[in-house]
Enquirer: 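Can you keep this structure in mind? I'll have questions shortly.
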Amino acid sequence: MLTITLPDGSTQTHEKGVSGLEIASAIGAGLAKAAVAIRVNGELWDLTRPIEKDAAIAIVTRETDEGREVLRHDAAHAMAEAVKELYPETQVTIGPAIENGFYYDFSRKEPFTPEDLEKIEKRMHEIVARDEEVVREVWDRKEAIVFFKNMGEHYKAEIIEAIPEGEPITLYRQGNFIDLCRGPHLPSTGRLGKGFKLMKLAGAYWRGDSKNEMLQRIYGTAWANEKELKHHLFVLEEATRRDHRRLGKEMDLFHIQEEAVGSIFWHAKGWTLYRILEDYIRRRLDRAGYVEVRTPELVDRSLWEQSGHWEKFREHMFTAESEERVLALKPMNCPGHVQIFRQGGKSYRDLPLRMAEFGTCHRNEPSGALHGLMRVRAFTQDDAHIFCTQDQITEETKAFCTLLLSVYKDFGYEDVVIKYADRPDLRAGDDAVWDAAEAALRAATEATGLAVSPNPGEGAFYGPKLEFVLRDAIGRDWQCGTLQVDFVLPERLNASYIGEDGEKHRPVMLHRAILGSIERFIGVLIEHYAGRLPLWLAPLQVVVTTITNDSDAYAKEVVAALQKAGLRVEADLRNEKINYKVREHSLAKVPVLLAVGNRETENRTVSIRYLGDKDQESLALDKAVVRLTSEAAAPDA
RNA sequence: GCCGCCGUAGCUCAGUGGUAGAGCGCACCCUUGGUAAGGGUGAGGUCGCGUGUUCGAUCCACGCCGGCGGCACCA
C-alpha cells in the first residue's frame with residue numbers, strides 16, 4: 001500500500017501502482033474529469049502512469065497554466081497525427097507548447113495551403129472524437145533511432161541522437177501515430193476537447209538556424225474549453241483593432257511608402273504628437289540636469305573604425321561616398337557625443353556631464369524586420385550619455401531609474417519590468433573591463449532597490465545594460481528604456497578628464513534612453529490607448545461644431561478663445577447634421593467635442609461632450625476654457 | 001535576408017482570358033437638422049512593375065518591387 005499526500009497535506013492510502021486518474025476519481029468525479037496530468041513529487045506525469053512509491057501529488061486540471069500547457073502539447077500531437085494521416089510523405093520534427101498555443105514544424109516539399117489547414121483542423125476534431133488512447137512507452141535509444149530512421153523520420157532520429165545519454169527515451173503512441181516526446185500527455189485524445197484552432201502558416205528554420213533547411217511551421221492556439229478559445233480570439237481581434245498602422249492611417253498621423261522603406265512620412269497630426277513627446281522629454285531632461293546637443297548624421301568612416309562600430313555594427317550601417325571618402329550615417333549618437341566631450345579640457349568638476357540629443361539614427365535593418373513605427377530604418381532616440389566617474393555610476397543609475405519610472409507613469413504605464421543583460425559573444429573590450437562594468441552596473445542596480453531579472457548575453461557590444469520593459473493595456477510587453485554602462489568607448493575614443501589629483505582619468509559613459517525610439521514609442525502609445533490618446537497628447541484636442549450655420553460666427557469665436565488658451569482646436573462648420581458630425585469626430589478619436597447652436601450662441605455657452613461619453617453638459621464659454629486648459633495640461637506641468 | 005500569403009478607385013474590398021464593380025470618402029445640388037451615418041447627381045482606375053504564353057493578359061507563367069504573418073536579426 002502507498003501513502004499519497006495531497007496538496008492540502010492530507011493523506012490517502014492506495015494500492016501500489018495506482019494511477020493519477022484513479023486518485024482523482026477517488027477524490028471526486030469532477031476532478032477526474034478536469035484532470036490532465038499529475039504532479040508526482042514535483043515531476044509532471046501522465047495520469048495513467050502507475051505510482052510505485054509513496055508520493056506527494058497534485059492533480060493538474062485543465063483550467064490552470066500547467067494544464068493548458070499539457071493540452072497545448074497534446075494539440076500539437078493531434079495536429080502531427082492529422083498531418084501524417086493526410087500527408088504521409090511529411091516528416092515531423094518538433095512541436096512544443098508555446099504561449100497561448102502550440103506549433104509543429106514539418107518537413108514537406110509541397111507547401112501547405114490555408115485550405116490544408118482547414119482539412120488538418122477538421123481531421124484533428126475527428127481524432128478527438130475517436131478518443132484514441134495515448135500510451136507512454138520507454139524505448140532503448142538505439143532501437144528508437146533505428147525505428148525512426150526506418151520510418152523515414154530523419155529529424156526525429158537526429159533529435160534522439162542529441163538527447164544526453166542516460167536520459168530515458170519516451171515515445172507516445174496514439175492511434176497509428178507515434179512520436180518522441182518527454183510528455184506528459186492526456187490519457188486519450190478525447191480529453192483535448194474543442195478549444196483549439198489552427199492559426200497560421202510560417203516558415204521556420206530547423207533548430208532556428210538560418211543555415212538549415214526551412215521547415216513549414218503550423219501555429220495553433222489551444223485552450224481549456226471553447227469559451228477560453230473565444231476569449232483569446234477576441235483579444236487577438238482587439239490587437240488588430242489597436243494596430244498602430246491601421247490607426248495611424250485612420251487618424252492621419254503618418255504613412256510609409258516604397259521609395260523610403262523603413263522611414264516615416266509624418267503627417268501634420270502625427271508630427272504634432274511627435275513634438276509633444278519631444279517637448280515633454282526635453283522639459284524632463286532639462287530639470288534633471290541634462291544639456292542638449294546636436295551632432296552630425298554623416299560622419300567619416302575613420303571615426304566609426306575608431307569607435308568599433310565599423311567592426312561590430314558594419315552590416316547595419318548606411319554609407320555614402322564623397323571625394324574619395326567613405327562616410328556613414330550614424331547608427332548611434334555616442335561617438336558624436338564623445339567628440340563634444342573632448343572639446344576643451346574637462347575637469348572632475350564637470351562630471352557628471354549629462355549630454356542629451358534627439359538624434360536621428362539610421363540602421364539598415366533586414367527588410368523582413370521592418371514593422372510600421374515599431375521597427376524602422378530611420379529613427380530618433382531620446383538619447384543621452386552621462387559622462388561620470390566610476391563612483392558616480394550608482395547615483396546616476398538611481399536618478400535615471402527614478403526619472404524613467406516617473407516618465408512612464410505620466411504616459412499611463414505603471415507596470416514596468418527591468419532586465420539585466422550581460423556580455424554578448426560579439427563584443428569590444430577585454431574580459432577584465434567587462435567584469436568591472438558588469439559589477440558596477442549590478443551594484444548600482446541593487447542600490448535602486450528595484451526588482452531585476454537576468455537576460456544573459458544580451459548586452460550591447462560595448463557594455464552591459466538594463467532594459468526597461470513596460471506592459472500595455474492588453475498585456476503585451478515593450479522594451480523601451482535602456483541604461484548601458486560603457487568602459488570601452490571612452491577608451492577607444494580617448495576621452496579624459498583631469499581628476500582632483502591633477503592626473504588624467506577615463507570617464508565612464510552611461511548610454512541611456514527612456515522612450516527609446518520616439519517613432520516606436522508613438523506606436524506603442526497608439527496601441528496602448530487604442531488611438532484614444534489622453535487630452536495632453538491628442539494632436540487635435542477639441543472640435544467646435546455647429547448645429548446650424550446660424551452659429552458659425554459664434555463657433556469661430558469659441559475656437560479663437562480656445563486657441564488663445566493654447567489648445568489644439570478646429571472648427572467644423574459643415575452643413576451636416578449634428579449626428580453625422582458627432583459620429584465622424586468620435587471615430588476620429590477627438591477627445592472633446594463642443595457643439596454650439598442657437599441656445600449656446602444666445603447664452604454664450606458651449607455644449608461639451610467627451611469622447612466615449614453619451615451625455616453632454618452645458619457650460620459657460622469662459623468656464624469651459626478654464627476647465628479644458630487645466631485638463632489638457634501635461635502631467636509634469 | 002529566408003518561408004508562406006497578398007498587391008484592383010483616396011480607403012476597405014468584390015470580380016472576369018475579350019481593357020472593371022460595390023460601400024465609404026471626395027465634388028456639386030437639395031436639406032438648417034440638438035449629440036454615432038438625411039437625399040440626389042457626378043468625378044475618379046496604366047488592375048504594383050517587367051518579360052513571356054496567347055489573336056487578345058488585370059486574370060496564366062517567370063522575374064523584380066512592395067505589403068502582411070512568422071523565422072532569423074535587433075534597439
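A note on names: the letters A, B, ... follow the listed sequences, proteins ahead of strands, and every chain is numbered from 1.
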Enquirer: To the nearest 0.5 Å, what is the distance between CZ (Arg609(A)) and NZ (Lys614(A))?
Expert: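 Between atom CZ of Arg609(A) and atom NZ of Lys614(A) there are 7.0 Å.
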Enquirer: Counting only side-chain nitrogens and oxygens, does Thr548(A) get under 4.0 Å of the OP1 or OP2 atom of G33(B)?
Expert: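 Checking G33(B) against Thr548(A), no side-chain N or O comes under 4.0 Å of OP1 or OP2.
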Enquirer: Any donor-acceptor pair under 3.5 Å linking the side chain of Glu600(A) with the backbone of Gly597(A)?
Expert: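 Checked: pair present.
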Enquirer: Would you mind classifying the nucleic acid contact of Arg217(A) as base, sugar-phosphate or nothing, using non-hydrogen atoms under 4.0 angstrom?
Expert: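 Here Arg217(A) touches the backbone only, sparing every base.
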Enquirer: Could you check whether the side chain of Ser607(A) and the base of U35(B) have a donor-acceptor pair of N or O atoms closer than 3.5 Å, going by distance alone?
Expert: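 Indeed there is one.
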Enquirer: Counting only side-chain N and O atoms of Asn579(A), is one of them less than 4.0 Å from OP1 or OP2 of A36(B)?
Expert: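 Asn579(A) to A36(B) OP1/OP2: side-chain N or O found under 4.0 Å.
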Enquirer: Please measure how far the C1' atom in A22(B) lies from the corresponding atom in A9(B), and state the result in whole Å.
Expert: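 Rounded to whole Å, the distance is 11 Å.
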Enquirer: Students often get this wrong, so: under 4.0 angstrom with heavy atoms, is Lys581(A) touching a base, only sugar-phosphate, or nothing?
Expert: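 It contacts nothing in the nucleic acid.
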Enquirer: Between Lys249(A) and G10(B), is there a contact of a side-chain N or O with OP1 or OP2 at under 4.0 Å?
Expert: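 Negative; the distance criterion is not met.
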Enquirer: Please check if atom CD in Gln484(A) has more than 12 non-hydrogen atoms from other residues, nucleotides or ligands closer than 6.0 Å.
Expert: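 Result for CD/Gln484(A): enclosed.
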Enquirer: By nearest heavy atom, map Arg363(A) and Ile578(A) onto RNA chain B; which one lands nearer the 5' end?
Expert: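 Taking each residue's closest nucleotide, the earlier one in sequence belongs to Ile578(A).
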Enquirer: Specify the separation, in whole Å, of atom CG of Leu573(A) and atom P of G33(B).
Expert: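 After rounding, the reported distance stands at 17 Å.
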Enquirer: Quick one about Thr295(A) and Glu357(A) (side-chain donor to acceptor, distance below 3.5 Å, no hydrogens or angles considered), yes or no?
Expert: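 The answer is yes; a qualifying pair exists.
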Enquirer: When Watson-Crick pairs (N1 to N3 and N6-O4 or O6-N4) and G-U wobble pairs (N1-O2 and O6-N3) count only below 3.5 Å on both distances, what is the dot-bracket string of RNA chain B, with | for other-strand pairs?
Expert: (((((((..((((....[..)))).(((((.......))))).....(((((..]....))))))))))))....
Enquirer: Rounded to the Å, how far apart are His585(A) NE2 and U35(B) P?
Expert: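 Distance, rounded to whole Å: 16 Å.
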Enquirer: Looking at Arg282(A) and Glu278(A), is there a salt bridge between them, counting it only when a charged N and a carboxylate O are closer than 4.0 Å?
Expert: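 Looking at Arg282(A) together with Glu278(A), the answer is yes, because their closest N to O distance falls below 4.0 Å.
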Enquirer: On a whole-Å scale, what distance lies between the P atoms belonging to C49(B) and G10(B)?
Expert: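 Approximately 13 Å lies between the P atom of C49(B) and that of G10(B).
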Enquirer: Base, sugar-phosphate, or nothing for Gln484(A), non-hydrogen atoms under 4.0 angstrom?
Expert: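 The residue Gln484(A) makes no contact with any strand.
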Enquirer: Is any side-chain N of the basic residue among Glu527(A) and Arg476(A) closer than 4.0 Å to the acidic one's carboxylate O?
Expert: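 Judged by the 4.0 Å cut-off on N to carboxylate O distance, Glu527(A) and Arg476(A) do form a salt bridge.
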Enquirer: If you count heavy atoms of other groups shown closer than 6.0 angstrom to NZ of Lys197(A), is the number above 12?
Expert: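 Check fails, neighbour count at 12 or below.
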Enquirer: Could you check Ser367(A) against Pro331(A) and say which one's nearest nucleotide on RNA chain B is further toward the 5' end?
Expert: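 Whichever sits nearer the 5' end wins; that is Ser367(A).
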Enquirer: Counting only side-chain nitrogens and oxygens, does Tyr103(A) get under 4.0 Å of the OP1 or OP2 atom of C71(B)?
Expert: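 No, no such contact exists.
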Enquirer: Could a donor-acceptor pair under 3.5 angstrom be found where the side chain of Glu259(A) meets the base of G66(B)?
Expert: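 Check fails, no donor-acceptor contact within cut-off.
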Enquirer: Side chain of Arg245(A): nearest nucleotide among G33(B), C68(B), G1(B)?
Expert: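 The listed nucleotide nearest to Arg245(A)'s side chain is C68(B).
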Enquirer: Say you pick atom P in C74(B) and the same atom in C5(B); how far apart are they, in whole Å?
Expert: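 Rounded to whole Å, the distance is 28 Å.
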Enquirer: Using whole Å, what does the distance between atom P of nucleotide A72(B) and atom CD of Glu458(A) come to?
Expert: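 In whole Å, A72(B) P lies 12 Å from Glu458(A) CD.
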Enquirer: Starting the side chain at C-beta, find the nucleotide from G66(B), A36(B), U35(B) nearest to Leu587(A).
Expert: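 When the side chain of Leu587(A) is considered, A36(B) is the closest of G66(B), A36(B), U35(B).
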Enquirer: What distance, rounded to whole Å, do you find between the two C1' atoms, one in G33(B) and one in U19(B)?
Expert: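 Between the two C1' atoms, the distance is 45 Å.
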Enquirer: For Phe411(A) and His528(A), run ring pair (Phe, Tyr, Trp, His ring centres under 6.0 Å): C-alpha distance rounded to whole Å, both residues' side-chain angles, the deciding distance at 0.1 Å, then the answer.
Expert: CA-CA 10 Å; Phe411(A) 287 108; His528(A) 177 63; 9.9 Å; no
Enquirer: If you take the centroid of each ring, where Trp contributes its six-membered ring, are Phe106(A) and Tyr104(A) closer together than 6.0 Å?
Expert: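 When the ring centroids of Tyr104(A) and Phe106(A) are compared, they turn out to be within the sub-6.0 Å range.
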Enquirer: By nearest atom, which of the nucleotides G1(B), A37(B), G38(B) is closest to the Arg583(A) side chain?
Expert: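 For the Arg583(A) side chain, the nearest candidate turns out to be A37(B).
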Enquirer: Without hydrogens or angle criteria, can the side chains of Lys581(A) and Thr546(A) be said to hold a donor-acceptor pair below 3.5 Å?
Expert: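 Checked: Lys581(A)/Thr546(A) side chains pair up, N/O donor to acceptor below 3.5 Å.
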Enquirer: Just to be sure I understand the rule, does Gly516(A) reach a base, reach only the sugar-phosphate, or reach nothing, if contact means heavy atoms closer than 4.0 Å?
Expert: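 The residue Gly516(A) makes no contact with any strand.
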Enquirer: Rounded to whole Å, how long is the line connecting atom CG of Leu370(A) with atom P of C65(B)?
Expert: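 Distance check: Leu370(A) CG to C65(B) P gives 14 Å.
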Enquirer: Could you measure between the two C1' atoms, the one in G48(B) and the one in G7(B), and give it in whole Å?
Expert: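 Comparing C1' positions in G48(B) and G7(B) gives a spacing of 6 Å.
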Enquirer: Check every atom of G25(B), G70(B), U35(B) against the side chain of Val582(A) and return the nucleotide holding the closest atom.
Expert: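 My answer, after comparing the listed nucleotides, is U35(B).
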Enquirer: Determine, step by step, whether His244(A) and His371(A) satisfy the side chain to side chain contact (heavy atoms under 4.5 Å, CB included) criterion, reporting the C-alpha distance in whole Å, the side-chain angles of both residues, the deciding distance to 0.1 Å, and the verdict.
Expert: CA-CA 10 Å; His244(A) 73 283; His371(A) 182 92; 4.1 Å; yes
Enquirer: Please state how far atom CD in Glu365(A) lies from atom C1' in C74(B), giving the value in whole angstrom units.
Expert: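 Result: 6 Å.
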Enquirer: Are more than 12 heavy atoms, taken from residues, nucleotides or ligands other than Gln257(A), located less than 6.0 Å from that residue's CD atom?
Expert: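 It does: Gln257(A) CD has more than 12 such atoms within range.
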Enquirer: Expressed in angstrom and rounded to an integer, what is the separation of Asn364(A) atom CG from C74(B) atom P?
Expert: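 After rounding, the reported distance stands at 14 Å.
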Enquirer: Please state the C1' separation for the pair G45(B) and U12(B) - nearest whole angstrom.
Expert: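 Those two atoms are separated by 16 Å.
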Enquirer: Is any side-chain nitrogen or oxygen of Tyr580(A) closer than 4.0 Å to OP1 or OP2 of G25(B)?
Expert: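 Affirmative; the distance criterion is met.
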Enquirer: Tell me what Ser517(A) touches on the nucleic acid: a base, only sugar-phosphate, or nothing, going by heavy atoms under 4.0 Å.
Expert: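 Result for Ser517(A) = nothing.
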Enquirer: Compare the minimum distances between each of C73(B), U35(B), G69(B) and the side chain of Ala369(A), then state the nucleotide with the smallest one.
Expert: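 Within the option list, the nearest is C73(B).
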Enquirer: On a whole-Å scale, what distance lies between the C1' atoms belonging to A72(B) and C64(B)?
Expert: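 Per the computed distance, 23 Å lies between those C1' atoms.
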Enquirer: Whole angstrom is fine here: how far is it from CG in Asn598(A) over to P in U32(B)?
Expert: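 About 14 Å, once rounded to whole Å.
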Enquirer: For the C1' atoms, the ones on A61(B) and on C68(B), what distance do you get once it is rounded to whole angstrom?
Expert: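 A61(B) and C68(B) have their C1' atoms separated by 24 Å.
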Enquirer: Quick one: Ile547(A) CD1 to G33(B) C1', roughly how many Å, whole number?
Expert: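 Distance check: Ile547(A) CD1 to G33(B) C1' gives 9 Å.
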Enquirer: Regarding Arg108(A) and the six-membered ring of Tyr87(A), is the cationic atom NZ or CZ under 6.0 Å from the ring centre and inside 45° of its axis?
Expert: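 Flagged: Arg108(A) positioned over aromatic ring of Tyr87(A).
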Enquirer: Taking only side-chain nitrogens and oxygens of His371(A), does any of them come within less than 4.0 Å of OP1 or OP2 of G69(B)?
Expert: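 Yes, because at least one side-chain N or O of His371(A) sits under 4.0 Å from OP1 or OP2 of G69(B).
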Enquirer: Of all the nucleotides listed (G33(B), C73(B), U32(B)), which has the minimum atom distance to the side chain of Lys577(A)?
Expert: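 The listed nucleotide nearest to Lys577(A)'s side chain is G33(B).
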Enquirer: Mind running a 4.0 Å heavy-atom check of residues 374-385 of chain A against RNA chain B and sending the residues that fall below it, in number order?
Expert: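 Those residues whose heavy atoms fall under 4.0 Å from RNA chain B, taken from residues 374-385 of chain A in numerical order, are Arg375(A), Gln381(A).
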Enquirer: Would you mind telling me which of C73(B), C71(B), A36(B) lies closest to the side-chain atoms of His316(A)?
Expert: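 The closest nucleotide is C73(B).
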